[in-house]
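A note on names: the letters A, B, ... follow the listed sequences, proteins ahead of strands, and every chain is numbered from 1.
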Amino acid sequence: MGLADTFYNVFVKRNSVYVATIIVGAFAGERMVHSIGDSLWESNNKGKLYKHMLEEKQ
Amino acid sequence: MLRQLLSRAAPGWKLGAATLAAGTAGLAAAAGTALADEAEHGLHAPSYPWPHDGFFSSYDHRSIRRGYQVYTQVCATCHSMDLIHYRDLVGVCYTEEEAKEMALNIEVTDGPNDEGEMFERPGKLSDKLPAPYMNEEHARYANGGAYPPDLSLITKARHDGQNYVFSLLLGYREPPAGITVREGLYYNPYFPGGAIAMPKMLNDGGVEYDDGTPATEAQQAKDVVTFLSWAAEPEMDERKLMGTKWIAVLSLVFLTTVYYKRWKWAPLKSRRVIVDVVN
Amino acid sequence: MKRLSIIKQPVLSVLNVHLVDYPSPSNINYFWSFGSIAGICLIVQIATGIFLAMHYTPHVDLAFLSVEHIMRDVEGGWFLRYMHANGASMFFIVVYIHMFRGLYYGSYASPRELLWCIGVVILLLMIITAFIGYVLPWGQMSFWGATVITSLASAIPVVGDSIVTWLWGGFSVDNATLNRFFSLHYLLPFVIVGASVIHLAALHQYGSNNPLGTNSTVDKVGLYPYFYVKDLVAWVAFAIFFSVFIYFYPNVLGHPDNYIPANPMSTPAHIVPEWYFLWVYAILRSIPNKLAGVAAIALVFISLLALPFINTSPIRSSNFRPFHKKFFWLIVADTLLLSWIGQQPVEDPYILVGQCASVFFFIYFLIMVPFLGRFENYLIHYKTR
C-alpha cells in the first residue's frame, strides 16, 4: 500500500474525517505560515526591529 | 576628414556611417538636453543602499528614533509634520511612557471650554507634532517668501524621494564658476533650479543622540531620511511581512491549481480524435 | 414527482446555462482567461471602492487628509487603498491584453461585431471612471490632470466654454467638481457591470472564438469543470502579479506629485496622466491644434468601433495571416511607443516620433485592416489558381 493510499484511507475515506482534516489543517497551516514568516522576519532584521531596541534598553 | 573617409568607403558603408554620424550628432544633442535638464530639474541623486530597501527588510527602528531627534532638534524649527501624532511613535521608536512625556512638554491650544474660552493644556498622545507656523502666510513671511513644505509625505512626494532628500541635505557646496545665487538663497545642485531657500542645516555634532551614536553630518542625514521614510510609509514593515507570507502561500496555491488543471484536463488531452470523412 | 435540482430552477438555470454548463471551444488558450480576470478586476475595484468610500470625504479641504487617514488610521486601510489604486492599473493591463488578443485572433470579426463594440464602450466607460477616480485623492496631479483634460472640451466651437463651466459646476475645478466626480465614480462602475453583462450576452450569442479562428462549434467542452480549473490557474497567477505591486511596489505606477495636496496656485513642472492613458495622450498632443487633437481622440474610438465592419479578412486568426501578424506586432510596438512618448516633454525628437506613431496608429486601423484582408485573400487565390 503506497503513501497515497494510506493518506486516502486515513484522511479522505470518511467525510467527517476529511472535513475535520481540512478545518484543522487550515488552522495549523495559518499558525505555521505566521510562525515561520515571523521568525524569518526577525532573523533577517536582527537588531533593527522595535522589540530588539526595547530588549537592548532593558 | 570624415567626408574623405566616407567617400572612400563602399556605398553600403556610406549609408551606415552617415546614419551613425547623424545618430551621434543626435546623441550629443540629447546629452546637451540632458545636462540642461539636470540643472532645471536638479541633479539626479545617486542610489544609496538603505537598510530597509530589500523586499524582506524592515526599517532600522533605532535609526527612526535618532531621525526623530534630528527632526525635532533641526527640521522642526521650519517644517511641520501634520500627519504625525505622538501616538504614532509608540511601538515604533518610543515606548508609551516616553511618548507621553514628550507630548507633555508641548503646549496645545484646546477648547472652547464651558465658558467659551480657548485654553492652553499640556500635549497628549493624540496630539500632532507641533507645527512651527500658524499658517502658510506666516511661514512664508518668516522665510523670505519661501514655504518650507510639510514633511509627513516628503519621501513619497518627490521622485526617488529617499535618495533625493539625503543628497539634498548633504549637497550644499560653493556655486560653480559662472553661477550666481541670489541673496538669501543657497546653491544646491540637487534642488530643481539649483538655488534653495533652505540653508545647510546639518553639521557634525549639531544634534545630540540619546543612544550615544556620534552625530556626524552623514549620520544625521541618514537617520532623518529613515524617519521621514517611516513617516511617509508607516505601514511598510507590516506590508512587506504580510506580502511575503501571502505570496509564499499563493505560490503553493498556484502549484496546486496547475496540478489540478492538468489532472482535470488529462482525459481531454489524451483523447484521440478520428475525423471520419464522409464520401 | 421528482423535484428539480436547485440549479434547474428558472432564475438559477440562467446562471447554470451561462456560467456552469456553458460549452466552450476546447482549444482556447490562456489568453482567453483575461476576460474572466477583467471581471475579477471589476469586482475587486467595486468591493475595495465601497469600503474606501466609508472613510473618504469628498471635500476640497478634507479629501487629501481623508485618504491619508485611510492610509494611516483605518485598520487595513493602506491595503484597501493600494489595492484600489493598483487595481485600476491591473484592470487596464488585463483589458489591453484582452483587446490585443481579440485583435490577433480576429475575435471582433463577423459575427461578433456587437461583442467587440460593447467592449469598446466598456473601455470608454473604464477610461472615464479611472480618470475621475484619480481626481478624488485631490493631490497635485489629480487637480491639474482634471483641469487639463476637462479644459479640452473648450476646444468645441461656440459651446465649448459653456460645456467646461457645466462640467466643472463653476469657473474652475473646485469643490463642486470633486463632489460630482465622486458621485459619478460611484455610479459608473455599476454601469460597467451592466455593460459587462451585455458583453457576456453578446459573447454567448455566438460563443467564443478560438485560436484557429475556425468554426468554434466543432469541439466544445463545459465551462465547468474544464475552464474553471484552467481559469483558476490564470486567476492565481494574476493574484500573485497583483500582490507584488500592492505589497512591494505600491507607488511605482503612481506619480509622486499626487502626494502633494492640490494647489491651484502652483502648476507642476510636468502634468502627466496615469500610464494607461499615455497612448491616447500622445495622440492628443501630437496634433498642435486643440480641436483637431480632440477630434483625433474621437477618431481613435471611431476606428475601434469601425474595426469589425471595415475588416475584409475571411480568416480570423493571425496564425494564418502572415502579413497581418507582422502588422499586429507593429501596432503593439506602436502603442508601447506612444505610451512612452506620452510621458516625454513636448520637445523636438519626441514630437516628431509621436506624430509618426500616431499616423501609424490610424494607418493600421483605417488602411491596413481593410487592405491586408484583401491582399492576403488575393495572394491565396493567386497561389491556388
Donor-acceptor side-chain pairing of B:Gln162 and B:His52 below 3.5 angstrom:
yes

Above 12 or not: heavy atoms from other molecules or residues under 6.0 Å from CZ of C:Phe31?
no

Measure the shortest side-chain to side-chain distance between B:Leu228 and B:Met81 over non-hydrogen atoms and say whether it is less than 4.5 angstrom.
yes

Side chain, backbone, both or neither: which part of C:Phe64 has a heavy atom under 4.5 Å from chain B?
side chain

Contact part of C:Asp73 toward chain B, heavy-atom cut-off under 4.5 Å: side chain, backbone, both or neither?
side chain

State whether the number of non-hydrogen atoms from other residues, nucleotides or ligands found under 6.0 Å of C:Tyr249 atom OH is greater than 12.
no

With side chains defined as the heavy atoms from C-beta onward, is the minimum distance between B:Arg158 and C:Pro256 less than 4.5 Å?
no

For atom CZ of B:Phe56, is the number of surrounding heavy atoms from other residues, nucleotides or ligands below 6.0 Å larger than 12?
yes

Can you tell which part of B:Thr244 gets under 4.5 Å to a heavy atom of chain C, answering side chain, backbone, both or neither?
both

Is there a donor-acceptor contact under 3.5 Å from the side chain of B:Trp265 to the main chain of C:Tyr226?
yes

Most contacts with chain B, counted as non-hydrogen pairs under 4.5 angstrom, among C:Ala237, C:Pro261, C:Gly139
C:Ala237

Can you say whether C:Tyr228 sits under 4.5 Å from chain B via the side chain, the backbone, both, or neither, judging by heavy atoms?
neither

Go through the atoms of C:Val221 and report whether side chain, backbone, both or neither lie under 4.5 Å from a heavy atom of chain B.
side chain

Cut-off 4.5 Å, heavy atoms of chain C, and the answer for B:Leu241 is neither

Please confirm whether the ring centroid of B:Trp50 lies under 6.0 Å from the ring centroid of B:Phe166.
yes

Is it the backbone or the side chain of C:Ile246 that comes under 4.5 Å from a heavy atom of chain B, or both, or neither?
backbone

Contact class of B:Ala231 relative to chain C, heavy atoms under 4.5 angstrom
backbone

Turns out that what part of B:Leu268 lies under 4.5 Å from chain C's heavy atoms comes down to side chain

So which part of C:Asp348 gets closer than 4.5 Å to some heavy atom of chain B, the side chain, the backbone, both or neither?
neither

